[in-house]
Amino acid sequence: MHKNFGVANFLKQLNEVQQQAVMQTEGPVMVIAGAGSGKTRVLTYRVAYLLTKGADPFNILALTFTNKAAREMKERIIKLIGSTEGKNVWMGTFHSIFARILRVEGHHLGYPQNYSIYDTDDSKRLIKSIIKEQNLNDKVYAPNYVLGRISGAKSGLVSVAEYNQNPEVKASDESAGKPKIGELYKIYQGRLKKAQAMDFDDLLFNMYILLRDFPDLLYKYQQRFKYILVDEYQDTNHAQYMIVKKLAANNENLCIVGDDAQSIYGFRGANIQNILNFRSDYPDHKVFKLEQNYRSTKTIVGAANGIIVNNKNQIFKEIWTENEEGNKINILKASSDNEEGGMVANSIFEHKMNFQLKNNEFAVLYRTNAQSRSIEEALRRRNIPYRIFGGLSFYNRKEVKDLLAYFRLVINHKDEEALMRVINYPARGIGKTTLEKLIVEADRVNKSVWEAAEKLEVSNPGLNAGTRRKIIEFTTMIKSFKAQVGKKNAYDLAKHIATSSGLLRQLYEDKSPEGVSRFENIEELLNAIKEFTEQERTLQTEEETEEKNSIRTLDEFLQEVALLTDQDKNDKNSTDYVSLMTIHMAKGLEFPYVFLVGLEENLFPSIQSLSARADLEEERRLFYVALTRAMKKITLSYAETRYKWGNLTICEPSRFLEEVDEKYIEAPRKASIHKSDFFESGPKIRTTSSGDKEKVKRKNFRRVSSVSPEPSHGGMDHSELQTGMEVEHRKFGRGKIVHLEGDGANKKATVFFKGVGNKQLLLKFAKLKVLK
DNA sequence: ACCGTATTCAGCGCG
DNA sequence: TGAATACGGT
């Protein structure tokens with residue numbers, strides 16, 4: 001009704017380029033959005049603009065990477081144009097939108113409407129059990145590695161058949177000493193199908209197959225999604241890229257937004273080429289570059305620009321700002337990780353006192369989660385409240401997953417991972433042996449484990465009457481829950497399941513602090529379900545609208561929760577704390593004062609990024625992302641020694657420190673960030689008086705000197721090692737050196753171990769014994 | 001079936 | 001170092 005209300009008004013809130021990007025509604029559009037340039041603003045205004053121009057909300061598809069991004073965008077659109085229209089826009093993550101479509105269309109591929117979604121945890125368990133069943137060595141076939149290969153294949157749209165037929169893939173698996181991956185992939189997919197389950201990669205893979213193999217479906221969704229928007233396009237993988245391409249192929253009203261400089265998810269399959277190639281993919285495109293930064297000071301913008309130019313692979317742009325010059329960058333040098341924490345905490349304290357700041361104006365960012373400990377301790381000592389983001393999120397807690405597994409099993413009896421999780425939890429005397437018999441029986445009749453359990457009366461897997469009764473009690477209970485799915489609302493049924501399964505009682509009886517917290521988590525989950533039942537439905541397909549009644553049921557809840565991971569269920573924004581998180585987690589956020597810690601070689605840039613140029617460029621983009629989180633001031637810090645894996649190790653300052661232009665740095669850079677100096681600080685560690693430290697330090701030096709017997713001085717050269725030599729490693733056994741690189745403390749050897757494959761070893765740490 | 005102890009292994013992590 | 005899992009004894 002107020003379709004044109006305030007259009008002119010809200011366009012006035014945009015700068016010129018932003019306006020152009022918003023108003024170019026037809027044809028392919030690429031928006032290159034520098035850090036802090038108002039990217040979300042452009043996306044939301046564009047959707048709002050489309051709606052005021054008369055587009056039907058059901059015809060707009062907006063894809064994001066996180067639930068958070070989708071939610072925020074939706075809220076802002078509703079603010080701009082009101083909730084009736086805003087609510088109906090198809091806005092969500094790739095996974096949630098496709099999961100929804102697959103509920104409706106999955107039957108074309110043989111999936112029922114109530115298919116389960118396996119999370120990474122379920123996938124890993126399944127892979128593990130397959131590896132075990134196949135009698136493969138789980139050192140050679142490390143579950144994580146296998147899963148990585150499979151996931152990589154699926155996100156690259158390589159099917160089981162294609163994987164097994166491709167000679168290059170085969171050769172690469174064989175040279176890695178893992179020729180059976182293709183077979184594991186096949187078994188894995190078979191088991192998922194049998195459990196009527198999809199993993200996260202399947203949601204994308206199967207969506208693509210639907211569009212590729214069913215022209216009428218392709219046509220249907222092309223008609224439905226007349227306007228497509230994709231956020232964070234630099235983070236799309238091949239599957240996502242191809243799906244978007246298919247959907248947009250008809251009218252090419254596709255708007256992608258992203259920043260190649262902030263592509264930091266290459267390690268999980270994101271393909272930066274997708275954004276770099278957009279121009280050639282869509283020759284009729286228009287490009288808009290958002291280059292004005294509204295977030296940071298000139299110093300921060302200048303320093304960030306200065307470091308990112310060191311990357312070769314990028315789209316040219318010039319980020320600038322009208323903001324003030326601001327504070328120079330501070331660099332802190334600490335002698336140890338603990339001291340680094342102390343210096344950061346002190347600096348936060350001083351800033352707070354001097355400028356009357358609140359805790360939530362500060363963030364401490366690090367490369368790896370393990371670094372949070374020393375920072376945490378230091379903040380705690382100074383009574384500065386903090387909150388760690390990341391780590392175990394709510395939905396990954398064991399007790400929460402257990403209850404959710406009950407729900408999953410109720411909705412889809414064939415969900416094997418769910419069944420394994422709960423069949424004997426709480427303990428009901430169905431142990432490992434019994435389960436194994438059931439699995440063998442299921443395998444024999446080629447049915448799911450559930451079906452084998454259900455048909456105990458007729459089959460005879462050699463179980464005694466007592467065990468049999470227990471299993472039948474269990475299946476009867478689950479079936480009785482199932483009967484209530486459509487009758488009770490989600491909360492009532494969830495509560496009923498939690499109680500009559502015995503789960504709630506089991507947790508209640510555990511009075512240890514952990515037990516109490518577990519019980520509270522279940523209460524919280526139940527509260528979330530209660531909230532859910534009281535919410536209105538949003539966004540539904542026509543197919544869904546017809547048959548739904550007024551109550552919100554457990555299966556509906558499950559569909560939403562399966563794709564939820566954020567720890568931001570209820571943002572407790574009210575409290576005032578310093579934020580601690582990894583740089584990855586900080587992407588998209590901003591803080592007035594940012595401390596970036598652990599700027600050391602082999603940590604940031606990380607040790608595994610040093611061998612490939614592309615990886616190093618990704619690390620540099622990560623550094624860029626970290627710098628551009630700061631609005632007013634950024635402080636960088638590094639330590640000369642750090643505990644890694646329980647050992648004291650000596651660290652060199654990061655190369656990234658040298659890439660920051662001197663003119664932005666507060667005090668003139670000390671010579672101390674150079675190698676020569678830092679080795680002089682070596683003896684300092686040896687003369688500590690504390691007996692405790694003495695032990696650690698001796699352990700450390702023993703490690704170093706085990707390669708060469710002389711008293712170490714840090715600068716060992718391992719010159720006795722040559723390519724082609726046979727060596728022995730404590731863990732991997734005998735191997736042959738195939739490559740040597742770097743020198744001094746960074747000298748690395750690539751060694752081929754039989755049955756293990758090639759391993760890169762830092763000679764500083766690896767105990768290599770020369771055999772000949 | 002369950003519990004305490006030994007052993008192992010460390011990246012960033014959206015859905 | 002410390003969390004997660006495997007193992008082995010009861």
Side-chain angles (χ1 to χ4, degrees), chain A residues 63-70 92-100 117-125 128 132 138-139 142-144 148 151 154-155 198-204 207 231-232 235-237 239-240 263-270 337 365-371 373-374 389-393 395-396 398 424-435 467 559-567 581-588 598 602-610 615 618-619 621-623 625-626 642-649 696 699-700 730-731 765:
Chain A
L63 296 168
T64 65
F65 272 82
T66 63
N67 291 308
K68 199 175 157 206
T93 62
F94 280 90
H95 292 85
S96 69
I97 297 281
F98 299 161
R100 186 163 244 138
I117 296 173
Y118 277 12
D119 66 14
T120 318
D121 221 57
D122 299 316
S123 300
K124 205 180 282 175
R125 283 162 178 257
K128 263 189 194 164
K132 210 167 186 180
D138 65 357
K139 296 284 179 305
N144 268 327
S151 172
K154 287 204 261 190
S155 40
M198 299 193 205
D199 67 12
F200 289 135
D201 298 312
D202 287 332
L203 295 174
L204 306 179
M207 182 70 205
D231 189 16
E232 308 274 18
D235 288 338
T236 49
N237 63 29
Q240 290 162 327
S263 160
I264 55 175
Y265 284 108
F267 69 89
R268 65 173 191 217
D337 46 0
L365 308 182
Y366 34 79
R367 179 65 178 78
T368 66
N369 275 312
Q371 289 166 258
R373 231 195 65 209
S374 56
F389 291 80
L392 258 202
S393 81
Y395 290 101
N396 277 326
K398 182 186 177 300
N424 198 32
Y425 185 81
R428 41 177 78 86
I430 306 173
K432 218 164 97 187
T433 331
T434 310
L435 219 45
T467 320
Q559 286 168 22
E560 282 203 8
V561 85
L563 296 168
L564 238 122
T565 352
D566 285 342
Q567 61 284 326
M581 64 183 86
T582 62
I583 304 164
H584 282 91
M585 204 135 228
K587 190 176 165 208
N602 299 339
L603 179 63
F604 191 19
S606 103
I607 188 157
Q608 21 244 331
S609 71
L610 298 179
D615 286 353
E618 181 154 316
E619 292 285 306
R621 291 193 293 269
L622 198 52
F623 184 46
V625 168
R642 178 178 299 278
Y643 277 93
K644 280 183 193 168
W645 314 322
N647 283 316
L648 190 66
T649 55
V696 180
K699 191 172 159 196
N700 176 50
R730 181 176 58 91
K731 205 172 93 213
F765 297 121

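The chains referred to below are lettered A, B, ... by the order of the sequence lines, with proteins before strands, and numbering in each begins at 1. As the structure is a prediction and not an experimental result, all values here were calculated from the model.
Each of dC14(B), dC12(B), dG15(B) was ranked by its minimum atom distance to the side chain of Phe65(A); first place goes to dC14(B). Of the candidates dT5(C), dG13(B), dG2(C), dG13(B) carries the atom nearest the Arg268(A) side chain, counting heavy atoms from C-beta on. The nucleotide whose nearest atom lies closest to any side-chain atom of Asn67(A) is, among dT5(C), dG15(B), dG13(B), dG15(B).
Contacts of Ser123(A) classified as side-chain hydrogen bond (donor to acceptor under 3.5 Å, both in side chains), with partners at least two apart in sequence or in another chain: Tyr188(A). With sequence neighbours excluded, the residues satisfying side-chain hydrogen bond (donor to acceptor under 3.5 Å, both in side chains) with Lys124(A) are Asn144(A).
Inspection of the Thr64(A) and Asp231(A) side chains reveals no N or O donor paired with an N or O acceptor under 3.5 Å.
If you check every strand for non-hydrogen atoms under 4.0 Å, Thr368(A) touches sugar and phosphate atoms only. Looking at heavy-atom distances under 4.0 Å, Ser609(A) makes no contact with the nucleic acid at all. Contacts of Arg367(A) with the nucleic acid, taken as non-hydrogen atoms under 4.0 Å apart, include base atoms.
When the P atom is used for both dG13(B) and dA4(C), the distance is 16 Å, rounded to whole Å.
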For nucleotides 1-3 of chain B, list the nitrogen or oxygen atoms of the protein found under 3.5 Å from its nitrogen or oxygen atoms, one pair per line.
from: dA1(B); atom 1: OP1; to: Gly431(A); atom 2: N; distance (Å): 2.7
from: dA1(B); atom 1: OP2; to: Lys432(A); atom 2: N; distance (Å): 3.2

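Heavy-atom nearest nucleotides on DNA chain B were determined for Asp615(A) and for Phe200(A), and the one closer to the 5' end corresponds to Asp615(A). Looking at which nucleotide of DNA chain B each of Asn144(A) and Ala562(A) is closest to, the 5′-most match is held by Asn144(A).
In this structure, the CG atom of Asp337(A) is 11 Å from the C1' atom of dT1(C), given to the nearest Å. One atom, CZ of Arg642(A), and another, C1' of dG11(B), lie 14 Å apart when rounded to the nearest Å. Here the C1' atom of nucleotide dG13(B) and the OH atom of Tyr366(A) are 14 Å apart, to the nearest Å. One can place NZ of Lys587(A) at 12 Å from P of dG15(B), the figure rounded to the nearest angstrom. Rounded to an integer number of Å, the gap from CD of Gln240(A) to C1' of dG15(B) is 9 Å. dG11(B) atom C1' lies 13 Å from atom CG of Asn602(A), rounded to whole Å. Rounded to an integer number of Å, the gap from Lys644(A) NZ to dC12(B) C1' is 15 Å. Spacing between atom CG of Asp121(A) and atom C1' of dG13(B) amounts to 13 Å, rounded to whole angstrom units.
Classification of the Phe267(A)-His584(A) ring pair by plane angle, with boundaries at 30° and 60°, yields perpendicular. By the 30° and 60° cut-offs, the orientation of the rings of Phe94(A) relative to Phe98(A) is perpendicular.
Taking 3.5 Å as the limit, the base of dG11(B) and the side chain of Thr582(A) contain no donor-acceptor pair of atoms between them. Applying the 3.5 Å distance criterion, the base of dG15(B) shares no donor-acceptor pair with the side chain of Ser96(A). Side-chain to base pairing of Glu619(A) with dG11(B): one donor and one acceptor N or O lie within less than 3.5 Å of each other.
Proximity of Asn396(A) to the phosphate of dG13(B): no side-chain N or O atom is located under 4.0 Å from OP1 or OP2.
The ring of Phe65(A) has its center no closer than 6.0 angstrom to the ring center of His95(A).
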Show, in sequence, the C-alpha distance, side-chain angles and deciding distance for Arg373(A) and Asp337(A), and conclude whether the salt bridge (Lys or Arg N to Asp or Glu O under 4.0 Å) test is met.
CA-CA 9 Å; Arg373(A) 231 195 65 209; Asp337(A) 46 0; over 6 Å; no
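Residue Tyr265(A) and nucleotide dC14(B) are not classified as a stacked aromatic pair, given the requirement of ring centres less than 5.5 Å apart at an interplanar angle below 30°.
Remark: Lys398(A) is positioned above the aromatic ring of Tyr425(A), its terminal NZ or CZ atom under 6.0 angstrom from the ring centre and at most 45 degrees off the axis.
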